[in-house]
Amino acid sequence: MQRPTSAVQREWPVTAADAVAVQEELRGLVDATDLGTTPRYVAGLDVAYEGDRLAAAVVVLDGESLAEVDRAVVRGETTFPYVPGLFAFREVPALLAGLEQLGTTPDLLVCDGQGLAHPRRFGLACHLGVLTGIPAIGAAKTTFVGSHGELARERGATAELVDDGEVVGAAVRTQDGIKPIYVSVGHRVTLPTAVAQVLRLTPHYRLPETTRLADRACREELSHE
DNA sequence: GCGACAG
DNA sequence: ATCTTGTCGC
């Protein structure tokens, strides 16, 4: 797929203050419309670290069968520290490089982190979505901002994730009796659709198959020197 | 001022 | 994220 190189080069900050300014600018580009059709190719993205080295993986699954159809794993080096709220600046460069290596263009990006459930409403999923133009959702293991009420014990149960009086995402129980995961809109998808996609991607485990495969792929890459 | 804080 | 053994439970 094509890489939005110009956007990255033009928008890449070095300081935290500049990074926040970039988020404030790009947040206005998030598209709130819904996914037009059922995604044929769904991609999972993740990054693993070992000191200053890192490996990013993008695994593409068939949205129907969840069978893997493509993958790309790239190595790189840390270029931005982990700062809560600026997480995307640490992972986006490597993830874009991974997307560029694919022989397929995903119809949906499932990110390991938040979308709108972010202090400035512009988490990793929004950032990747806006930069690529591809629909994206955030599926995080823990909350970052917001709180929610109790969820029913059954798989499929949800609760609104509310921050500062605003619904920024949903807590979703992906398996009976297990800890929920946190889903939020990234770009070109509505929350109900994001939740529905996450449930389709979690037939057996707590986390989406996309996330599990990408996590395994990037870790494996780092372990193999 | 004191914690909390996606991965 | 990553550092890290055994252990409780299905």
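Residue numbering restarts at 1 for every chain, and letters A, B, ... go by the order of the sequence lines.
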From CA spacing to verdict: salt bridge (Lys or Arg N to Asp or Glu O under 4.0 Å), E64(A), R40(A): CA-CA 7 Å; E64(A) 179 68 40; R40(A) 169 121 192 263; over 6 Å; no

Dot-bracket encoding per residue of DNA chain C, Watson-Crick/G-U cut-off under 3.5 Å, | denoting interstrand: ..........

The single option from Q197(A), R155(A), R212(A), R173(A) passing side chain to side chain donor-acceptor pair (under 3.5 Å) against T202(A):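 Filter result, single survivor: R155(A).
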
Side-chain donor-acceptor pair present, Q23(A), R120(A), cut-off under 3.5 Å: yes

Side chains of T193(A) and D34(A), donor plus acceptor under 3.5 Å: yes

Ring centres under 6.0 angstrom apart (F87(A), H118(A)): no

OP1 or OP2 of dA6(B) under 4.0 Å from side-chain N/O of Y182(A): no

Distance below 4.0 Å between T143(A) side-chain N/O and dA6(B) OP1 or OP2: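 For dA6(B), OP1/OP2 do not have a side-chain N/O of T143(A) under 4.0 Å.
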
Whole angstrom value for the distance that separates [atom2] of [N] from [atom1] of [X]:
X       : N      : atom1 : atom2 : value
L95(A)  : dG7(B) : CG    : C1'   : 11 Å
R121(A) : dA6(B) : CZ    : C1'   : 14 Å
D163(A) : dC5(B) : CG    : P     : 13 Å
F89(A)  : dA6(B) : CZ    : C1'   : 14 Å
H118(A) : dG7(B) : NE2   : P     : 13 Å
Q114(A) : dC5(B) : CD    : C1'   : 11 Å

Okay, side chain of [X], backbone of [Y]: is any donor-acceptor separation there less than 3.5 Å?
X       : Y       : value
D62(A)  : S65(A)  : yes
T210(A) : G44(A)  : no
R188(A) : L35(A)  : no
T143(A) : G146(A) : no
S184(A) : G169(A) : no

What's [X] touching, base or sugar-phosphate or nothing? Going by heavy atoms closer than 4.0 Å.
X       : result
I181(A) : nothing
G85(A)  : base
L54(A)  : nothing

Distance under 6.0 Å and angle within 45° of ring axis: R219(A) vs Y49(A):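 Verdict for Y49(A): no cation-pi partner in R219(A).
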
Contact list (N/O, under 3.5 angstrom) for nucleotides 7-10 of chain C vs protein:
none

Candidate pair E221(A) and R75(A), rule salt bridge (Lys or Arg N to Asp or Glu O under 4.0 Å), full reasoning: CA-CA 8 Å; E221(A) 179 68 27; R75(A) 293 194 187 202; 2.9 Å; yes

Using the 3.5 Å cut-off, write out each protein N or O paired with an N or O of nucleotides 1-4 of chain C and the distance between them.
{"unit_1": "dA1(C)", "atom_1": "OP2", "unit_2": "K141(A)", "atom_2": "NZ", "d": "3.3"}
{"unit_1": "dT2(C)", "atom_1": "OP1", "unit_2": "Y49(A)", "atom_2": "N", "d": "3.3"}
{"unit_1": "dT2(C)", "atom_1": "OP1", "unit_2": "Y49(A)", "atom_2": "O", "d": "3.3"}

Centroid under 5.5 Å and tilt under 30°, Y82(A) to dG7(B):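 Y82(A) ring centre within cut-off of dG7(B) base, planes near parallel; stacks.
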
